[in-house]
Peer 1: 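So that we are looking at the same thing, I have put the structure below in structure tokens.
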Protein chains: 2
Amino acid sequence: MTEAQPVAVAVSTVIFGLREADGEPALHLPLVRRVREPHLGRWALPGGPLAPEESLREAARRNLAATTGLDPRHLEQLYTFGAVDRGGAERLVSIVYWALVRTDEADRTLDDVNVAWFPVEALPPLAFDHDEVVGWAVKRLKAKLEYTRISHALLPEEFTLAQLREVHEAILGRRLDPANFRRRVEATGTVTRTGGLQSGVRHRPPALYRSTARQELLT
Amino acid sequence: MTEAQPVAVAVSTVIFGLREADGEPALHLPLVRRVREPHLGRWALPGGPLAPEESLREAARRNLAATTGLDPRHLEQLYTFGAVDRGGAERLVSIVYWALVRTDEADRTLDDVNVAWFPVEALPPLAFDHDEVVGWAVKRLKAKLEYTRISHALLPEEFTLAQLREVHEAILGRRLDPANFRRRVEATGTVTRTGGLQSGVRHRPPALYRSTARQELLT
DNA sequence: CCAAAAGTGTTAGAGATACACCCATGA
DNA sequence: TCATGGGTGTATCTCTAACACTTTTGG
């Protein structure tokens, strides 16, 4: 199981961030326009070849930084695609990661005509089988929302429960009852009150929370 | 993202099957003894290099058949490991699948001194980081048991609910209430009564069931 | 005072769990 | 007939969803 193979290995990443759309936060992701064949001119997931001396995770992070200038709060392997007819002439095995970046960070994307954010609900035609890949990533994100606290990775250090709820609403695509959401989150113990209040709003000032310090479980 | 890389790609598989241990079914998996360096003589997961003209899934199935002679009822990608220091001198990316084989099939394993079944609870020291890999696979199996019907893949076409329950008990490592298990399974609609009864037992003959025909959702 | 969202209380329903009890068979 | 697991009934508990209601701010 150690023979060399004429197989190219690349790492790509599906990057999620929240951006305003129609006055409400909506799930977006950055794409890069391909500048060479195959699929020249099409939008694609940021990615590139695996360097011999870096781990898969490092490759994902490096590519992510190189193409978008972003530093993800969450980074996790999604799936490895390796169908024989995936596009180019030679055999390509593509290891896909998915990442979450903070809302405020998502606005600091590198300024490049070949990089742009798109709402997940309205993506352009993508190169290769990247449509399918994005679909998987969205599915995984929704699932993990239910039993982990990855949603914190999309918010700044301090946040209100309403902000956290809006994140969940944007990802799940449906409204959540504020009262029940509050109780459910507080019961999990994943958030802690900072003691501060958010002022400047024209209603009762909401309490600020932060993610409870705990051992991060890498997946 | 299409440059050739000096990286070897291999596919390995964690194969689960049920075998008797202390009169009760227990989760087992087959291992192969390494016949070359590195880790010569150690037990390892069956695997081998990816051939240029086969899909990842095909590679897993081929390797599985070649080393154990088995044909899995369930086969699913688990994770891709690619740390730089994973063992050999050269860089190796290892795509791991996990599989389930039927109990009756598991007894027909190829007769080879370098292939043997071990109970998951008492594995020998494994080559590379295969201990960790097996741990992940077990975790995934337990999780999927709750919300899919993969457990059927470990049983013959027709089975009693007691057999199905024993499968779950063996994997989860704890007893389940027969009455509640029955109702829960029947409520999901994943099983159908064949109309037959299992005779020869010295108590009320249990009804036979089969897995409800339905679109298989590949993961 | 009024609008708006924060935050609390309460009730009804669904699903899980524990366990009592009857049923059908082989020995 | 008895032991054994198959199979049914049922009370309890927990969790969730729905929604009424009180609180606290800015305008």
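A, B, ... follow the sequence lines: proteins, then strands. Residue 1 opens every chain.
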Peer 1: From the set C:dC19, C:dA4, C:dT25, return the single nucleotide nearest to any side-chain atom of B:A179.
Peer 2: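 Of all the options, the side chain of B:A179 is nearest to C:dC19.
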
Peer 1: From C:dG7, C:dC19, D:dT25, pick the nucleotide closest to the side chain of B:D177?
Peer 2: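 Within the option list, the nearest is C:dC19.
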
Peer 1: As a test of reading the structure: which of D:dG26, C:dA24, D:dT4 is closest to the side chain of B:R202, going by heavy atoms?
Peer 2: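 Shortest atom-to-atom distance from the side chain points to D:dT4.
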
Peer 1: Nearest whole Å is fine: how far is D:dA18 P from A:R174 CZ?
Peer 2: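 For the pair A:R174 CZ and D:dA18 P, the rounded distance is 10 Å.
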
Peer 1: With a 4.0 Å cut-off on N to O distance, would you call B:E157 and B:R73 a salt bridge?
Peer 2: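 A salt bridge is present here (some side-chain N lies under 4.0 Å from a carboxylate O).
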
Peer 1: If the test is side-chain contact (heavy atoms from CB on, under 4.5 Å), which one of A:V134, A:L45, A:T67 qualifies with A:L31?
Peer 2: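 By the side-chain contact (heavy atoms from CB on, under 4.5 Å) criterion, A:L31 pairs with just one of A:V134, A:L45, A:T67: A:L45.
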
Peer 1: Is a salt bridge present between B:R175 and B:E169, judged by a nitrogen-to-oxygen distance below 4.0 Å?
Peer 2: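 Here B:R175 pairs with B:E169 in a salt bridge, since their nearest N and O are under 4.0 Å apart.
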
Peer 1: Atom CG of B:L172 and atom P of C:dA16: how far apart are they, to the nearest Å?
Peer 2: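 About 14 Å, once rounded to whole Å.
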
Peer 1: Looking only at the side chain of B:N180 (C-beta and beyond, no hydrogens), which of the listed nucleotides D:dC19, D:dT23, C:dT17 gets closest?
Peer 2: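 The answer is C:dT17, which lies nearest to the side chain.
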
Peer 1: I'd like to know if B:E186 pairs up with B:R182 as an ion pair, taking the criterion as any Lys NZ or Arg NE/NH1/NH2 lying under 4.0 Å from an Asp or Glu carboxylate oxygen.
Peer 2: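 Yes, B:E186 and B:R182 are salt-bridged.
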
Peer 1: Nearest to the side chain of B:R204, which nucleotide is it out of C:dG9, D:dG7, D:dT8?
Peer 2: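 So the nucleotide nearest the side chain must be D:dG7.
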
Peer 1: To the nearest Å, how far apart are B:Q198 CD and D:dT4 C1'?
Peer 2: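 So the two atoms are 14 Å apart, to the nearest Å.
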
Peer 1: Within this structure, what is the CG-to-C1' distance between A:L208 and C:dA6, rounded to whole angstrom?
Peer 2: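 It works out to 13 Å between those atoms.
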
Peer 1: From the options C:dT8, D:dG5, D:dG7, select the nucleotide whose nearest atom is closest to the side chain of B:R193.
Peer 2: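 Taking heavy atoms from C-beta onward, the closest nucleotide is D:dG7.
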
Peer 1: For the residue pair A:T188 / A:R149, report whether a side-chain donor-acceptor contact shorter than 3.5 Å exists.
Peer 2: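 No donor-acceptor contact under 3.5 Å links the two side chains.
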
Peer 1: To the nearest angstrom, how far is B:Q163 atom CD from D:dG5 atom P?
Peer 2: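 My rounded result for the distance is 14 Å.
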
Peer 1: How long is the line joining CZ of B:R175 and P of D:dG5, in whole Å?
Peer 2: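 Going from B:R175 (CZ) to D:dG5 (P), I get 10 Å.
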
Peer 1: Would you kindly compare A:R184 and A:L197 by the position of their nearest DNA chain D nucleotide and give the one closer to the 5′ end?
Peer 2: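 The residue whose closest nucleotide sits nearer the 5' end is A:R184.
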
Peer 1: In whole Å, what is the span from the CZ atom of B:F181 to the C1' atom of D:dG7?
Peer 2: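 Value for this atom pair: 14 Å.
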
Peer 1: Any side-chain N or O of B:R165 below 4.0 angstrom from OP1/OP2 of D:dG6?
Peer 2: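 Result: yes.
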
Peer 1: Do the side chain of A:R183 and the base of C:dG9 come within less than 3.5 angstrom through a donor-acceptor pair of N or O atoms?
Peer 2: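 Counting by modelled atom types and ignoring angles, a donor-acceptor contact under 3.5 Å is found here.
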
Peer 1: Quick one: label B:A187 by what it contacts on the DNA or RNA (base, sugar-phosphate, nothing), any heavy atom closer than 4.0 Å.
Peer 2: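 Nothing: the residue B:A187, judged by heavy atoms under 4.0 Å, touches no strand.
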
